[in-house]
Amino acid sequence: MGKNAQTDGNDAISRICRVLASVPRGRVITYGDLAEMAGYPRAARLAGQTLRKLPRDTRLPWHRVINAQGRISLPEPGAQRQRERLEREGITLLKGRVELAKYRWQP
DNA sequence: TAATTGACTTACG
DNA sequence: GCGTAAGCCAATT
């Protein structure tokens with residue numbers, strides 16, 4: 001047992017991925033909400049850091065994560081790929097922005 | 001242990 | 001609406 005009663009560190013990633021996997025097709029979530037729903041309020045950057053580490057072939061809907069302004073935070077060339085995937089699910093971007101009022105997912 | 005980093009957010013001008 | 005600045009927080013160095 002133990003020597004280590006602290007959080008596994010890996011926990012944050014697991015929780016965030018779990019929430020991410022629950023975001024339905026055709027909806028989006030902000031970094032802040034993703035972190036908060038995973039149990040890390042105000043740790044939006046943690047969500048971003050987690051996403052950055054995801055393998056390129058992940059099945060998780062990483063593209064459904066956008067910033068609080070409804071804009072894509074991922075730098076090019078990833079941004080183009082994300083935009084493409086979003087539109088493929090019927091999420092239209094107006095002037096590079098997703099209408100959060102319409103597509104934002106919050107249970 | 002301390003400093004740096006970052007797919008963020010909010011407040012201001 | 002846009003750029004800048006400051007605030008936040010866990011992971012990484």
How long is the line joining [atom1] of [X] and [atom2] of [N], in whole Å?
X	N	atom1	atom2	answer
Arg64(A)	dA7(B)	CZ	C1'	17 Å
Asp11(A)	dA10(C)	CG	P	13 Å
Lys95(A)	dG1(C)	NZ	P	7 Å
Tyr40(A)	dG6(B)	OH	C1'	17 Å
Leu74(A)	dG6(B)	CG	C1'	13 Å
Gln49(A)	dT5(B)	CD	P	12 Å
Lys53(A)	dT5(B)	NZ	C1'	12 Å

For nucleotides 2-8 of chain C, tabulate all protein N/O to nucleotide N/O atom pairs closer than 3.5 Å, reporting atom names and distance.
{"residue": "dG7(C)", "atom": "O6", "partner": "Arg45(A)", "partner atom": "NH1", "Å": "3.2"}

Would you list the protein and nucleotides 10-13 of chain B atom pairs, both N or O, that sit under 3.5 Å from each other?
none

Donor-acceptor check, side chain of [X] to backbone of [Y], threshold 3.5 angstrom: yes or no?
X	Y	value
Arg27(A)	Tyr103(A)	yes
Gln82(A)	Val65(A)	yes
Arg104(A)	Val28(A)	no

Can you find a side-chain donor-acceptor pair between Glu84(A) and His63(A) that sits under 3.5 Å? no
Please work out if Leu51(A) contacts a base, only the sugar-phosphate, or nothing of the nucleic acid, heavy-atom cut-off 4.0 Å.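 Counting heavy atoms under 4.0 Å across all strands, the contact made by Leu51(A) includes a base.
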With a 4.0 Å heavy-atom cut-off, tell me which residues in residues 16-37 of chain A come close to DNA chain B, sorted by residue number. Thr30(A), Tyr31(A), Gly32(A)
